[in-house]
Amino acid sequence: AVDSHGGVWLASDIGAIKYTGRGFIRYSHDPLDANSLSDDDAISIFVDSRDEVWVGTRSHGVDGFDANSLALGHLVTPTLTSAGVYALAEGDSSSEVLVGTLSNGLMRLDASAATLSEVPGPAWVKRLRISALLRDRDHNLWIGTNDGKLVLQDHATGAYALQKLPLGSNSYGVTGIHLDNQGAVWISLYLGGVCRWDGGGHYTCLAGPDDKRFEGRKLNEETNQIDFSHNPFSMPQGELEALNTQDPLTIKAYQYDIVC
């Protein structure tokens, strides 16, 4: 997650970490400080439109901080001790944050009143084991689950629709949903590759679900398919700017091999 000043926020098992461009700052739990992080095991992080940073924890609900403060101030920790907050997203208003959990489904956090409530919806939506959330440019809500379901809620009608990804990708858990600068939605799948939604219900999967290893892949120009390449680890040439502004299949990379 990135705040308005370019600070990059990371969730980790040693707390919330901010990269300032010059170094890292770690925010962790301090039993003597009521304004510290409630749990060092942070499993999700989100920066909202008000530049407030929300940290989802494995066993102590949600923490909220002001990204512009020199010393972060603790805002609220709803009681979700057994749910595990795996995903966070913008709510229907600027004071709301959506909270995705594995055992309590989709919740709504009212930051101004520090209250947590269940989001209305059909019974099958309430049973979702949520692992990823995203608001797209049209304010539609994307929901991913750890058992491979991808659900899209239409902002205009409020209706929920189960999405069908190609290549049988729905058999793998959704690990992330992201929006690029062109408005395309990217869905990452556990051991199932990456799929891109370009609008109109059209999905393109860049790696098939049978590829069960984290190996390098490249575009075969003759077949127009993604093939394996000898590239266990690589860094994009052009760094973050290239990832934000270029077609991913046109980006070149610096290759690093690991030998044991």
Practice item. Walk me through it: do Asp92 and Arg108 pass the test salt bridge (Lys or Arg N to Asp or Glu O under 4.0 Å)? Key: CA-CA 9 Å; Asp92 292 328; Arg108 178 186 290 117; 3.7 Å; yes
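- Using a 4.5 Å heavy-atom threshold, the side chains of Tyr203 and Gln163 count as touching.
- With rounding to the nearest 0.5 angstrom, the CD1 atom of Ile187 is 6.0 Å from the SG atom of Cys195.
- By the 30° and 60° cut-offs, the orientation of the rings of Tyr27 relative to Trp9 is parallel.
- Using modelled atom types, one finds no donor on one side chain facing an acceptor on the other under 3.5 Å when comparing Thr57 with Asp41.
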**Study point:** Worked check of side chain to side chain contact (heavy atoms under 4.5 Å, CB included) between Leu37 and His60
**Key:** CA-CA 9 Å; Leu37 204 66; His60 286 81; over 6 Å; no
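- The shortest distance between side-chain heavy atoms of Asn140 and Leu152 falls below 4.5 Å.
- Here the closest non-hydrogen pair linking Leu133 and Gly100 is CD1-N, 3.6 Å.
- Taking 4.5 Å as the limit, some side-chain heavy atom of Lys18 sits within range of a side-chain heavy atom of Asp3.
- The shortest distance between side-chain heavy atoms of Ile177 and Leu150 falls below 4.5 Å.
- Here the closest non-hydrogen pair linking Ser36 and Asp30 is OG-N, 2.9 Å.
- Between the OG atom in Ser44 and the CG atom in Leu88 there is a gap of 4.0 Å [rounded to 0.5 Å].
- Minimum interatomic distance between Gly61 and Val85 (heavy atoms only, all atoms of both residues): O-CG2, 3.8 Å.
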Exercise for review: Let me see the working for Leu134 and Leu179 under side chain to side chain contact (heavy atoms under 4.5 Å, CB included), right down to the final yes or no.
Suggested key: CA-CA 8 Å; Leu134 173 74; Leu179 188 69; 4.2 Å; yes
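- Just one of Leu98, Val99, Thr101, Ile143 meets the side-chain contact (heavy atoms from CB on, under 4.5 Å) condition when paired with Ile130; it is Ile143.
- The residues Arg135 and Glu90 are annotated as not salt-bridged, no charged nitrogen and carboxylate oxygen being separated by less than 4.0 angstrom.
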**Study point:** side chain to side chain contact (heavy atoms under 4.5 Å, CB included) evaluation trace for Leu10 with Ile45
**Key:** CA-CA 7 Å; Leu10 309 170; Ile45 200 159; 5.9 Å; no
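- Aromatic rings of Trp197 and Trp186 (six-membered ring for Trp) have centroids beyond the 6.0 Å cut-off, not under it.
- In this structure, Gln153 CD and His139 NE2 are separated by 13.0 Å, a value rounded to the nearest 0.5 Å.
- For the residue pair Asp48 / Trp54, a side-chain donor-acceptor distance below 3.5 Å is found, with atom types taken as modelled.
- Annotation: side chain of Leu189 is in contact with side chain of Val174 (closest heavy-atom distance under 4.5 Å).
- Considering all non-hydrogen atoms of both residues, Val47 and Ala1 come closest at CG2-CB, 3.7 Å.
- Minimum interatomic distance between Val55 and Ala42 (heavy atoms only, all atoms of both residues): CG1-CB, 3.6 Å.
- No side-chain donor-acceptor contact under 3.5 Å links Tyr86 and Arg129.
- For Asp154 (side chain) and Gly158 (main-chain N/O), no donor-acceptor pair under 3.5 Å exists by modelled atom type.
- Taking each heavy atom of Ala11 and Ile43 in turn, the nearest pair found is CB-C, 4.0 Å.
- Thr175 and Ser188 share a donor-acceptor pair across their side chains, judged by distance under 3.5 Å alone.
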Point to revise | side chain to side chain contact (heavy atoms under 4.5 Å, CB included) between Val151 and Trp142, intermediate numbers included | key: CA-CA 6 Å; Val151 179; Trp142 295 78; over 6 Å; no
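- In this structure, the separation between CG on Leu109 and CD on Glu96 is 8.5 Å, given to the nearest 0.5 Å.
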